[in-house]
Amino acid sequence: MLVAGIALLGAAWLPHLLKRRALSFPVVYVALGALLYLLPLPLPEIRPAEDRAAIEKLTELTVLVALLGAGIRIDTRFGWRRWHVTWRLLGLAMPLTIIGGALLGYGVLGYSAAAAVLFGAVLAPTDPVLASDLQVGAPGEGGEDPVRFSLTSEAGLNDALAFPFVWLAIAVAAASGMRGVDWMGWLTLDVLWRLGGGLAVGWGLGYALMHVVFRVERADSLSRSGDGLTALAIILIVYGVAELLHTYGFLAVFVAALVIRHYERDHDYQGTLNLFAEQCERLLIALLLIGFGGALVTGVLAPLRWRDIGAALAIVLVLRPIGTWLCLAGSPLVERDRWAVAIFGVRGIGSFYYLAFAAGHAHFAEAGSLWAVVSLVVLLSVLLHGFTAKPVMDRLDRWRARFARPRSRPVSTDA
């Protein structure tokens with residue numbers, strides 16, 4: 001109760017305190033968690049292998065809340081040309097990251113084929129949870145620059161796009177090798193059906209819920225109530241239906257949020273939904289990061305070897321930045337923006353969810369090592385981006401303000 005109270009107080013207070021400081025909310029909470037677990041307090045030991053189910057459910061809910069908030073905040077209308085950079089990030093940079101991570105796992109870390117595929121998959125998606133300093137602002141605020149829009153839209157979609165490869169790792173583990181995998185079943189069910197179904201459920205339910213929330217002409221309609229609990233209802237309804245139909249719920253929730261935002265762009269209730277989602281997200285992040293900080297000082301990193309550390313550094317400092325920078329060649333982004341998008345690919349809560357999910361569906365002999373290396377990657381990402389995101393983004397904002405006609409193609413919010 002004490003830790004939860006501290007987390008709740010900090011979730012409300014710290015973002016305002018740190019607003020103008022080169023320090024992020026996640027850095028403070030990881031440090032706080034480590035400090036609390038170093039003190040002689042009767043706190044429960046966090047063991048990922050034994051606590052897998054609890055980790056999976058808590059990280060799942062956190063990602064869902066973050067995805068709804070990200071979708072509600074995006075002002076840019078959906079379109080193939082307007083989202084050009086996002087498609088590059090999803091279609092080129094993400095598969096490259098998965099392949100690079102799998103090769104590192106197999107060739108450098110000595111993982112089995114199943115563990116190597118899982119390693120590449122869980123570290124491929126950028127995180128919508130820990131990247132608040134890099135994302136777009138509240139709905140309708142304007143000033144949605146190319147870097148923030150690209151990182152927000154990428155994080156909203158690539159969590160779901162990593163799922164087929166997590167299922168592939170599970171299939172490889174169950175088949176004891178690549179040759180025994182039912183490739184046609186994986187392609188039809190885990191790729192085509194789950195992705196297509198997630199899109200359909202998200203669009204259909206998003207459109208239906210938009211009418212229920214905004215277009216019921218009654219004095220006591222939801223949009224006039226000012227009650228942010230509707231945000232949680234949207235998440236649970238869309239995710240529940242998507243999971244019942246064996247589709248990707250993460251994708252459905254983000255698409256539903258985009259649809260609701262698209263069809264009711266100027267309604268004040270959008271701000272209410274966003275605020276509620278943001279408050280829930282901050283509380284859940286605080287609890288998770290305190291636990292993560294505690295796990296760091298109580299043994300989750302114990303299995304690390306020198307080559308594990310090298311692989312983690314390569315993922316954070318080389319694979320994502322260089323691979324993404326190359327994939328964005330010829331895009332509308334100017335060089336500064338291109339490097340910012342390439343470098344600020346935060347890894348975080350989503351990686352823990354996928355690892356816990358996979359561990360609950362198949363046995364991976366390298367589970368201890370996977371938890372250790374993924375935790376190190378997330379720690380490095382939190383530290384690197386936590387100390388650099390605000391200064392870099394502020395500098396980019398000042399640079400844009402100096403030029404009336406920036407060379408980056410502006411992100412359009414027009415119809």
Side-chain angles (χ1 to χ4, degrees), residues 24-26 59-76 78 82-98 121-139 144-163 165-166 195 198 202 235 248-258 261 274 277-278 281-282 284-285 288 315-316 319-321 323-324 327-328 333 337 340-354 377-378 381-382 384-386 389 393 411:
S24 73
F25 180 84
T59 53
E60 182 180 33
L61 178 59
T62 307
V63 172
L64 285 169
V65 173
L67 289 173
L68 179 80
I72 291 293
R73 287 193 297 270
I74 292 178
D75 290 337
T76 303
F78 183 84
R82 298 186 190 98
W83 289 50
H84 173 77
V85 174
T86 306
W87 306 138
R88 281 181 176 243
L89 293 171
L90 298 174
L92 298 176
M94 186 173 178
L96 182 64
T97 305
I98 293 174
V122 302
L123 291 175
T126 55
D127 197 63
V129 180
L130 300 183
S132 58
D133 293 329
L134 301 165
Q135 295 195 357
V136 297
E144 197 166 277
D145 63 82
V147 175
R148 288 185 175 90
F149 166 71
S150 299
L151 291 171
T152 304
S153 56
E154 177 194 15
L157 288 168
N158 68 9
D159 267 306
L161 296 181
F163 233 136
F165 300 95
V166 174
L195 285 175
I235 293 171
Y248 292 134
F250 285 176
L251 179 61
V253 169
F254 182 70
V255 170
L258 286 177
R261 180 79 178 96
N274 174 65
E278 187 178 300
E281 181 184 345
R282 276 189 282 175
L284 292 168
I285 293 172
L288 281 170
I315 288 171
V316 175
L319 186 58
R320 161 71 188 198
T324 303
C327 292
L328 291 177
L333 298 178
D337 291 348
V341 172
I343 291 171
F344 290 123
V346 181
R347 267 60 184 169
I349 304 302
S351 297
F352 291 136
Y353 167 74
Y354 283 121
V377 170
V378 173
S381 189
V382 166
L384 173 64
H385 302 123
M393 296 306 292
V411 176

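Nothing here was measured: the structure is a model prediction, and the numbers come from that model.
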Heavy-atom closest pair, residues [X] and [Y]:
| X | Y | answer |
| --- | --- | --- |
| L151 | F344 | CD2-O, 3.3 Å |
| A162 | A121 | CB-O, 3.7 Å |
| A124 | T97 | CA-CG2, 3.9 Å |
| L251 | A160 | CB-CB, 3.4 Å |
| V253 | I235 | CG2-O, 4.1 Å |
| L96 | L319 | O-CD1, 4.4 Å |

Do N158 and T126 meet the criterion of a side-chain donor-acceptor pair at a distance under 3.5 Å? yes
Checking side-chain polar atoms at under 3.5 Å, does E154 have a donor or acceptor matched by the opposite partner on T86? no
What verdict does the side-chain contact (heavy atoms from CB on, under 4.5 Å) test give for D145 and R148, after you've listed the backbone C-alpha separation in whole Å, the side-chain angles of each residue and the deciding distance to 0.1 Å?
CA-CA 6 Å; D145 63 82; R148 288 185 175 90; 2.6 Å; yes
Please report the C-alpha distance between E60 and L64 in whole Å, then the side-chain angles of each, then the deciding distance to 0.1 Å, and finally whether the side-chain contact (heavy atoms from CB on, under 4.5 Å) criterion is met.
CA-CA 6 Å; E60 182 180 33; L64 285 169; 4.3 Å; yes
Intermediate values then yes/no, side-chain contact (heavy atoms from CB on, under 4.5 Å), I285 and I349: CA-CA 8 Å; I285 293 172; I349 304 302; 5.6 Å; no
task: Please determine if E278 and R282 form a salt bridge, counting it only when a charged side-chain N lies under 4.0 Å from a carboxylate O.
output: yes
C327 versus R88: any side-chain heavy-atom pair under 4.5 Å?
-> no
Beyond-backbone contact of L195 with L161, side-chain heavy atoms, under 4.5 angstrom:
yes
How far does [atom1] of [X] sit from [atom2] of [Y], to the nearest 0.5 angstrom?
| X | Y | atom1 | atom2 | result |
| --- | --- | --- | --- | --- |
| I343 | L384 | CD1 | CG | 8.0 Å |
| Q135 | M393 | CD | CE | 10.5 Å |
| D337 | S150 | CG | OG | 8.0 Å |
| W87 | L157 | CH2 | CG | 6.0 Å |
| D127 | T62 | CG | OG1 | 9.5 Å |
| T324 | M94 | OG1 | CE | 11.0 Å |

Taken in chain and number order and not counting sequence neighbours, the residues that satisfy ring-ring contact (aromatic ring centres under 6.0 Å, His included) with Y248 are F163
Audit row: S153, I74, side-chain contact (heavy atoms from CB on, under 4.5 Å) steps and yes/no
CA-CA 8 Å; S153 56; I74 292 178; 4.3 Å; yes
Hey, does the side chain of R320 reach the backbone of A342 with a donor-acceptor pair shorter than 3.5 angstrom?
yes
If only atom types and distance count, is the side chain of T152 paired as donor or acceptor with the main-chain N or O of V136 below 3.5 Å? yes
With sequence neighbours left out, the residues meeting salt bridge (Lys or Arg N to Asp or Glu O under 4.0 Å) with R347 are none
R261 meets the salt bridge (Lys or Arg N to Asp or Glu O under 4.0 Å) criterion, sequence neighbours left out, with D75
